[in-house]
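Each remark here refers to the structure printed beneath this line.
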Amino acid sequence: MKRRIFLKTSALSAIAVSATGFVRLEGDRYVGDCETTSDVLGPFYRPDSPVRSSLVIKGEKGAPIELFGKIKHDDCITPYKNAKIELWHCDGNGVYDNESADFKYRGTLYSDNEGNYSFKTILPVPYGEGDNYRPAHFHLMISAEGYQPLVTQLYFTGDPWLEKDSGSASPTAKRRILEVQNLKDGSKKVSFDISMAKKLAAEPAALDRLIGIYVNEKDANKKTELIKKDKQLWIKGDKANGMPFGMNLEYITNNTFTISGVPPKYQLSFVFEVMPSGEVKMMENFTNEKGEKETTVSVKGK
């Protein structure tokens with residue numbers, strides 16, 4: 001079965017499954033009252049950063065700061081032992097190390113028996129140009145067995161760009177805007193506890209970065225429009241794509257979505273990559289009846 005034919009024939013059945021209650025949509029809420037909200041992975045993530053608690057680099061500018069906290073199970077109380085915490089951020093000039101073997105301002109830790117973690121690094125700075133700046137922020141990815149990996153960003157009170165950035169201005173980001181404590185020795189510290197969840201909803205503000213018209217890299221006449229509906233990501237329906245009611249994409253993890261009701265053997269996924277240029281790349285992966293993997297790449301302009 002070809003990927004497009006499959007999508008067309010499954011569109012109505014996917015909606016029917018949702019309507020009968022077998023698929024429960026949770027909007028932007030997570031399990032419990034201590035949810036840690038997510039954000040898009042962004043263009044500057046690098047896997048396999050060194051295991052280390054100190055990211056401080058002698059001689060480079062930046063105010064020293066300690067980021068610490070506790071990883072918890074989804075009951076919001078029980079500490080999670082040995083969760084993997086990845087931290088990355090820009091340097092004092094607003095630049096990310098995307099290539100060097102030093103992995104500057106990038107590191108990995110594992111929570112201790114009480115769920116504790118602690119990084120020593122510098123306070124990142126806002127970056128951008130003109131009236132388009134991102135507020136200062138830490139990136140975090142937390143992986144814990146039994147839970148969906150969490151990708152999120154931490155911001156800081158008093159940053160003048162908070163209200164102008166779609167991510168930090170989102171109502172669900174409020175718990176991730178943190179107060180920085182100033183210590184007598186001139187250093188700083190900031191605390192952030194993280195509660196895991198077995199299933200996460202995509203951050204609504206993050207969806208705003210993914211919606212738009214995607215153009216097929218090989219055929220400019222083939223376009224897919226993504227919209228936000230009921231705080232979910234949808235493929236917009238029209239006569240051209242054979243989906244009159246559209247199609248809801250279900251968030252899996254790390255900028256990856258699928259479609260509810262699709263049999264696992266088809267391994268259908270929509271993977272988004274936010275490029276440094278501001279463009280967004282969508283890779284639509286599908287395994288056909290012969291077991292052959294097909295990938296369609298489309299790009300949305302910045």
Side-chain angles (χ1 to χ4, degrees), residues 3-4 6-7 11 14 25-28 30 36-47 86 88 96 98 132 134 137 139-143 148-153 165-170 172-173 176 197 199-220 222-237 241 243 246-260 262 264 266-287 293-302:
R3 176 187 58 81
R4 276 299 173 191
F6 175 79
L7 288 179
L25 302 179
E26 296 181 342
D28 61 355
Y30 302 157
T36 302
T37 53
S38 63
D39 209 330
V40 295
L41 189 58
F44 301 125
Y45 172 71
R46 290 180 67 186
E86 297 174 76
W88 67 101
Y96 287 84
N98 297 318
N132 186 21
R134 289 230 63 210
H137 57 279
H139 294 268
L140 286 173
M141 179 186 290
I142 300 91
S143 305
Q148 188 169 320
L150 170 68
V151 176
T152 195
Q153 296 182 31
D165 180 78
S166 61
S168 57
S170 169
T172 54
R176 294 186 278 113
K199 183 175 177 61
L200 297 172
E203 166 69 21
L207 297 185
D208 290 336
R209 305 182 203 177
L210 304 183
I211 61 175
I213 297 176
Y214 289 78
V215 180
N216 188 291
E217 278 192 334
K218 295 183 177 180
D219 186 351
K222 294 181 179 179
K223 300 178 181 180
T224 301
E225 184 174 359
L226 300 185
I227 62 174
K228 188 170 70 171
K229 177 182 177 183
D230 300 326
K231 299 181 181 179
Q232 302 288 312
L233 191 64
W234 284 69
I235 298 176
K236 185 178 180 179
N241 62 22
M243 291 182 265
M247 180 77 73
N248 170 233
L249 299 184
E250 180 183 354
Y251 179 61
I252 302 176
T253 184
N254 296 357
N255 294 11
T256 303
F257 294 74
T258 189
I259 293 177
S260 300
V262 175
Y266 294 112
Q267 300 180 34
L268 176 65
S269 65
F270 297 80
V271 182
F272 295 87
E273 181 180 357
V274 183
M275 311 299 289
S277 63
E279 295 180 328
V280 181
K281 181 182 293 186
M282 177 176 69
M283 288 153 285
E284 190 176 344
N285 305 301
F286 180 75
T287 300
K293 293 185 177 180
E294 303 176 7
T295 298
T296 301
V297 179
S298 302
V299 176
K300 177 177 79 81
K302 59 182 179 179

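Residues passing the side chain to side chain contact (heavy atoms under 4.5 Å, CB included) test with Asn132, sequence neighbours excluded: none. Under the rule for a side chain to side chain donor-acceptor pair (under 3.5 Å), Gln148 has no partner lying at least two apart in sequence or in another chain. Applying the side chain to side chain donor-acceptor pair (under 3.5 Å) criterion to Thr256, with sequence neighbours excluded, gives no partner residue. Applying the side chain to side chain contact (heavy atoms under 4.5 Å, CB included) test to Val215 and every residue at least two apart in sequence or in another chain returns Ala220, Lys223. Contacts of Tyr251 classified as ring-ring contact (aromatic ring centres under 6.0 Å, His included), with partners at least two apart in sequence or in another chain: Phe257. Residues passing the side chain to side chain donor-acceptor pair (under 3.5 Å) test with Ser298, sequence neighbours excluded: none.
Taking 4.5 Å as the limit, every side-chain heavy atom of Val280 sits out of range of all side-chain heavy atoms of Arg209. Counting heavy atoms from C-beta outward, Phe272 and Leu226 have side chains that approach closer than 4.5 Å. Residues Glu273 and Asn255 fail the side-chain proximity criterion, which asks for heavy atoms closer than 4.5 Å. Side chains of Glu217 and Lys281 form a contact here, defined as non-hydrogen atoms less than 4.5 Å apart. Side-chain contact check for Asn285 versus Lys293: every heavy-atom pair is 4.5 Å or farther apart. Put simply, the side chain of Ile235 reaches to within 4.5 Å of the side chain of Phe270, judged on heavy atoms.
Across every non-hydrogen atom of Ser143 and Pro149, the tightest pair is OG-CB, 4.3 Å.
The CZ atom of Arg46 sits 7.0 Å away from atom CG of Asn98, with the distance rounded to the nearest 0.5 Å. How far CD1 of Ile211 is from NZ of Lys236: 11.0 Å, rounded to the nearest 0.5 Å. Here the CD atom belonging to Glu284 is positioned 12.0 Å from the OH atom belonging to Tyr214, to the nearest 0.5 angstrom. Here Leu140 contributes atom CG and Leu150 contributes atom CG; the two are 8.0 Å apart, rounded to the nearest 0.5 Å. Taken to the nearest 0.5 Å, the NZ atom of Lys300 stands 7.5 Å off from the CG atom of Leu210. Met141 CE to Glu86 CD: the interatomic distance, rounded to the nearest 0.5 Å, is 5.5 Å.
Checked by atom type and distance alone, the side chain of Thr172 never pairs as donor or acceptor with a backbone atom of Thr37 at under 3.5 Å. Of the possible donor and acceptor atoms, one in the side chain of Thr258 sits under 3.5 Å from a partner among the backbone N and O of Leu268.
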